[in-house]
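Taking it in order: structure first as structure tokens, then the write-up.
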Amino acid sequence: MAANFANLEPDIRMINESDADYLHLDVMDGVFVPNISFGFPVMKDVAKICRKPLDVHLMIVEPQNWIPQVRDLGAEIMNFHQEACVHIHRTVQAIHDAGMKAGVTLCPATPVSTLVDIIGDLDLVLLMSVNPGFGGQPFIRHTLEKTRELRELIDKTGSHAVIEIDGGVNGETGAELAEAGADMLVAGSYVFRHADPKAAIAGLRAL
Ligand code: ZN
């Protein structure tokens, strides 16, 4: 979301050469969130030149309808919103059947407790630390408490889910999140507006 949409290739090549573990793609539909980003034709071309695994974050209504298209991109992770999907269990199964890892995303006001009955089936939980829809927003500090609560739930239940955080991540908030139990950090503006994006990625990777 923070890359140069007029010329994505140099940014993707930078990510290829960096310590990043994934390329995170924020898909917005203008219905679930008040913004539209990009869709499958763009992601198809991105996937052709990206050498990192793709982490596709769907901020869209009815995410269950798009599983084959996400699979056809060769994505490793499909993230969809708890708030956008009535049948989460069925959708998680369908994502697994398509050969991908399944992640459920929570908006800032959605409690961790809503995942108690599905946590054992999830590969990933993505906590939004800003309201989804726009890049460059300040970090919501309550996310730290939520991260600790989710860590406790995962450890207590023996779930193998990893904790991913998206929004307002930088060197300082990243360190606090890692301390609170986060496994994966999504960084947009912090990396792409940094004088040395590869160094910014390496710094986050080392937390
Ligand atoms: Zn995202």
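All heavy atoms count here, side chains included; hydrogens, waters and symmetry mates do not. Just follow the structure's listing: the first ligand is 1, and inside any ligand the first atom is 1. Each residue takes its place number in the sequence, starting with 1.
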### Task
Decide side chain to side chain contact (heavy atoms under 4.5 Å, CB included) for His96 and Asp123; before the verdict, give the C-alpha distance in whole Å, the side-chain angles of both, and the deciding distance to 0.1 Å.
CA-CA 10 Å; His96 285 158; Asp123 302 296; 2.7 Å; yes

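Salt-bridge check for Asp183 with Arg151: passed, with a basic side-chain N closer than 4.0 Å to an acidic carboxylate O.
Looking only at side-chain heavy atoms (C-beta outward), Phe139 and Leu144 come within less than 4.5 Å of each other.
Within Asp26, the N/O/S atom positioned nearest the Zn ion (ligand 1) carries the name OD1. The N, O or S atom of His24 with the smallest distance to the Zn ion (ligand 1) is NE2. Taking the N/O/S atoms of His57 in turn, the shortest distance to the Zn ion (ligand 1) belongs to ND1. Note on Asp166: its N/O/S atom closest to the Zn ion (ligand 1) is OD2.
More than 12 heavy atoms of other residues, nucleotides or ligands lie within 6.0 Å of CG in Asp97, so this atom counts as buried by the packing criterion.
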